[in-house]
Amino acid sequence: MNDSLDMRFLAARKKYIEGRFSMLNDMQRQAVLTTEGPLLLLAGAGSGKTTVLINRIANLLRYGHGSEGKEIPDFVTEADVRFLEELSADPSENERVRADGLCALEPVKPWNIIAITFTNKAAGELRDRLETLLGEGAGDIWAMTFHSACCRILRRNIDRMGYTGSFTIYDSSDSERQMKEVLKDMGLDDKTFPPKYVLSVIGRQKDRLISPEEMLENSRGSSDLRLTQIAKAYAAYQKRLKDNNALDFDDILYVTVKLLQQEPEVREYYQRKFQYVLVDEYQDTNHVQYLLTSLLSGHWGNICVVGDDDQSIYRFRGATIENILSFEEQYPGARVIRLEQNYRSTQSILDAANAVIAHNLGRKGKHLWTARQGGAPILVYEASDESSEGNFVAGQILAGSKGRNFKDYAILYRTNAQSNALEYAFKRNGVPYKVIGGTRFFDRAEVKDMLSYLCVINNRTDDLRLARIVNNPPRGLGAKTIETVQRLAEAENKSLYDVLSDPYSYAPLEKSAQKLLQFSALIDGLAKLLEDGMSLPEFYDELLVRTGYADMLSSKPTEENKTRLENVRELKSSIHAYMANTAEPSLAGFLEEIALYTDLEQYSEGDNTVVMMTVHSAKGLEFPHVFLVGFEDGLFPGMRAIGDQEEMEEERRLCYVAITRAKETLTISHARQRMIYGRTSSALPSRFLREIPEECIEKRGGYRAEPQRSMTYEKRSVSSNGYLSGALRANSAPSAPLPDYNKGDMVMHAAFGRGLILSVVKMGGDALLEVAFDDIGTKKLMAKAAGAHMKKL
DNA sequence: CGCACCACAATTTTT
DNA sequence: TTGTGGTGCG
């Protein structure tokens with residue numbers, strides 16, 4: 001082929017590949033087709049970031065670097081060029097196959113791509129969407145979290161680092177318990193050295209790749225005397241973990257990076273393997289994660305990071321916005337593409353978001369826009385206190401939802417503690433809701449207990465987990481006995497299990513020998529079941545029975561124990577889920593999966609209920625209607641942030657995240673006074689409110705004339721003026737008379753429609769109604785609150 | 001060992 | 001106000 005034909009081919013190839021991504025907007029397409037070298041994708045909220053990621057991978061798999069490359073395969077003929085040039089926008093199947101063959105330039109193998117995310121949820125979604133788009137082969141792509149990717153590398157190669165491939169993973173509470181012991185052994189007072197704090201200091205060291213020895217060295221010149229102690233604790237802690245063949249979450253990254261740095265063979269293997277490295281949510285990466293991705297992409301240099309510096313809200317756990325801000329310096333020749341078209345929100349919402357975030361200095365700068373103009377203004381409501389705020393929100397939802405699409409609504413707040421007042425209001429008003437967050441499933445004591453049993457059965461030398469369960473349920477092996485065992489084990493450099501399963505060899509254990517043997521027989525007996533091929537779920541049932549754990553819970557059937565038993569049983573469904581996804585299920589495999597998969601209770605669209613969560617947990621989600629509550633100075637932004645530039649910018653980003661969750665409407669509320677730590681304190685509207693342009697806002701509420709009242713009186717009266725208060729002046733809302741509802745009355749409710757009162761139970765100055773609604777079934781409502789939305793027929 | 005009692009603290013959260 | 005963790009008693 002001659003030069004001009006070459007040019008024609010390149011143009012036609014580019015045009016064809018572009019055509020294959022015609023469903024994307026220009027910027028998105030550019031992001032997909034930019035395959036080579038470092039690429040920073042600044043993806044604004046709602047800009048179709050994941051779509052781009054998926055399509056970018058699809059492009060790599062189908063066309064390799066065809067969209068950018070200048071090479072031309074030898075087999076291309078003039079006829080081929082003409083064919084491509086004349087190809088219609090909507091080719092037939094055959095034409096498409098031929099064109100694909102012509103345009104593909106070293107298509108990438110799935111196993112040469114790694115796409116790293118933060119959460120298991122994100123990784124799972126990525127895998128699902130890849131599979132939908134690409135079919136089977138997608139499974140070979142490394143689409144996983146930082147931690148699971150590192151684990152996979154470590155399982156193969158960690159022996160070079162002084163651990164063995166069957167290492168266990170400590171979660172934060174395991175780490176804390178271990179650290180507590182370390183500090184106690186060192187004779188450090190846990191007031192001056194809170195385990196959590198010590199661990200966080202150590203975590204920062206690991207993030208900077210500083211070893212215990214280096215930290216000790218560094219601490220010598222320091223004015224903070226505690227640092228030397230912490231450095232020593234760091235060394236002792238690491239020794240313990242190594243002795244137990246355990247890694248904590250920070251170690252997983254730290255050791256992987258150390259391994260890749262120290263071992264050229266291992267490094268080169270993975271560097272060659274990963275031709276393309278993609279990193280999602282890059283604004284959330286910390287330093288060690290930067291090092292990891294930079295190492296992995298070290299050979300081919302094809303690193304694509306996707307993120308939004310304006311949505312970086314995890315500084316407190318080590319995320320550094322610097323990674324995104326200095327990407328271009330760290331990767332010379334990097335290209336930057338901004339995705340600013342938003343497909344989620346109305347213009348009013350985006351105007352507000354843009355205006356707020358523009359006040360930040362440390363940012364790359366972006367301006368979100370949407371093709372859909374207009375939209376309802378942002379409603380700003382001033383409530384008298386948190387209870388009236390709750391009633392307002394509940395009322396708005398009832399009025400807007402007509403009792404149907406509760407799942408279209410989300411309530412976002414800065415702190416978890418705020419959910420309480422809202423829950424009360426929602427219960428009073430009969431609005432179904434679900435609170436996301438709080439104690440997670442795998443953090444519950446009973447679940448950890450069962451997992452500890454499984455860990456010990458899987459690995460007898462897991463001292464930490466063994467200590468947890470050896471006397472749970474109580475077996476007469478009290479603290480004293482365990483301490484003795486620990487002392488003996490330490491002296492002989494053996495595991496706890498080694499000692500307690502052989503009590504007659506140790507004089508001090510004579511008294512408890514019988515009980516100790518019973519315990520080790522229990523563990524051995526259970527392990528035998530698995531060896532004999534019992535299935536995991538069956539085995540788990542047996543575990544519940546033989547350990548006496550199930551008995552312990554069911555013998556005292558308190559409400560609490562019932563939920564515990566449920567949780568313990570629920571773990572069995574995790575086992576089933578694991579079995580369903582795994583070719584060769586094993587206890588060890590299950591435990592490994594569980595160790596890195598802790599978020600069983602994340603938000604997923606399920607029931608038709610309103611959801612309540614912190615702004616942090618809402619990141620990445622979207623809802624038609626969003627309520628941002630508690631928008632007050634001191635709460636959002638929090639007290640700690642006021643007067644600290646960096647912190648304030650983080651709060652502002654958080655605010656930006658909150659605003660950009662909304663698709664159709666955003667309602668912001670703040671209360672004039674609020675109960676905090678049992679004290680009522682007054683508050684001013686958030687300073688961020690003033691950063692939202694006036695013309696985006698419609699104000700409501702306002703309680704200037706609200707008289708001071710006694711607590712109880714206040715609580716009851718606000719519910720009556722809750723959502724109607726925009727219309728009713730506060731002064732004209734005296735104590736609401738209890739509406740006269742009787743059993744058998746027909747009522748019409750604003751949201752739930754027609755209903756029949758089944759029962760009336762007087763409660764204080766109020767009454768609990770049970771109402772059978774024609775459309776949605778029976779509901780329990782408080783008469784006073786519900787009265788605002790309901791009339792007798 | 002289990003329970004009651006008191007002191008104390010208290011953003012945000014994933015792995 | 002709420003929840004947790006530690007201590008001391010029966």
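The figures here come from the full heavy-atom set of this structure, side chains too, leaving out hydrogens, waters and symmetry mates. A note on names: the letters A, B, ... follow the listed sequences, proteins ahead of strands, and every chain is numbered from 1.
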**Study point:** Residue closer to the 5' end of DNA chain B, A:Glu647 versus A:Gly478 (nearest nucleotide)
**Key:**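 Final value for this comparison: A:Gly478.
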
Review point. Between A:Ala479 and A:Phe249, which has a closest nucleotide on DNA chain B that is more 5'?
Key: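 Going by which nucleotide is closer to the 5' end, it is A:Ala479.
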
Practice item. Could you tell me whether the side-chain ring of A:Phe316 sits stacked on the base of B:dT11, using a centroid cut-off under 5.5 Å and a plane angle under 30°? Key: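 A stacking contact does not exist, since A:Phe316 is not both close and nearly parallel to the base ring of B:dT11.
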
Take the protein atom [atom1] of [X] and the nucleotide atom [atom2] of [N], then report the distance between them rounded to whole Å.
X	N	atom1	atom2	value
A:Met648	B:dT11	CE	C1'	14 Å
A:Asp443	B:dT15	CG	P	11 Å
A:Gln283	B:dT14	CD	P	15 Å
A:Asn561	B:dG2	CG	P	12 Å
A:Arg317	B:dT14	CZ	C1'	4 Å

Practice item. Could you check whether the rings of A:Phe631 and A:Phe688 sit parallel, tilted or perpendicular, using 30° and 60° as the cut-offs? Key: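 A:Phe631 vs A:Phe688 ring planes: tilted.
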
**Study point:** Base of B:dT14 paired with side chain of A:Ser172 (donor-acceptor, under 3.5 Å)
**Key:**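 Donor-acceptor pair under 3.5 Å: no.
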
Look at all strands and tell whether [X] reaches a base, only sugar-phosphate, or nothing, counting heavy atoms closer than 4.0 Å.
X	answer
A:Arg679	nothing
A:Ser617	sugar-phosphate
A:Gln289	nothing
A:Tyr314	sugar-phosphate

Salt bridge [X]-[Y], side-chain N to carboxylate O under 4.0 Å:
X	Y	answer
A:Asp207	A:Arg317	no
A:Arg653	A:Glu650	yes
A:Arg465	A:Asp174	yes
A:Arg363	A:Asp309	no

Any side-chain N or O of [X] less than 4.0 Å from the OP1 or OP2 oxygen of [N]?
X	N	value
A:Asn416	B:dT13	yes
A:Thr614	B:dT13	yes
A:Tyr424	C:dT1	no
A:Lys180	C:dG6	yes

**Study point:** Over 12 non-hydrogen atoms of neighbours within 6.0 angstrom of OH in A:Tyr424
**Key:**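 Counting other residues, nucleotides and ligands, OH of A:Tyr424 stays at 12 neighbours or fewer.
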
Point to revise | A:Tyr170: which of A:Asn244, A:Asp251, A:Asp248 passes side chain to side chain donor-acceptor pair (under 3.5 Å) | key: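 Answer to the side chain to side chain donor-acceptor pair (under 3.5 Å) test with A:Tyr170 among A:Asn244, A:Asp251, A:Asp248: A:Asn244.
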
What protein N or O atoms touch nucleotides 4-9 of chain B N or O atoms at under 3.5 angstrom, if any, and at what distances?
none

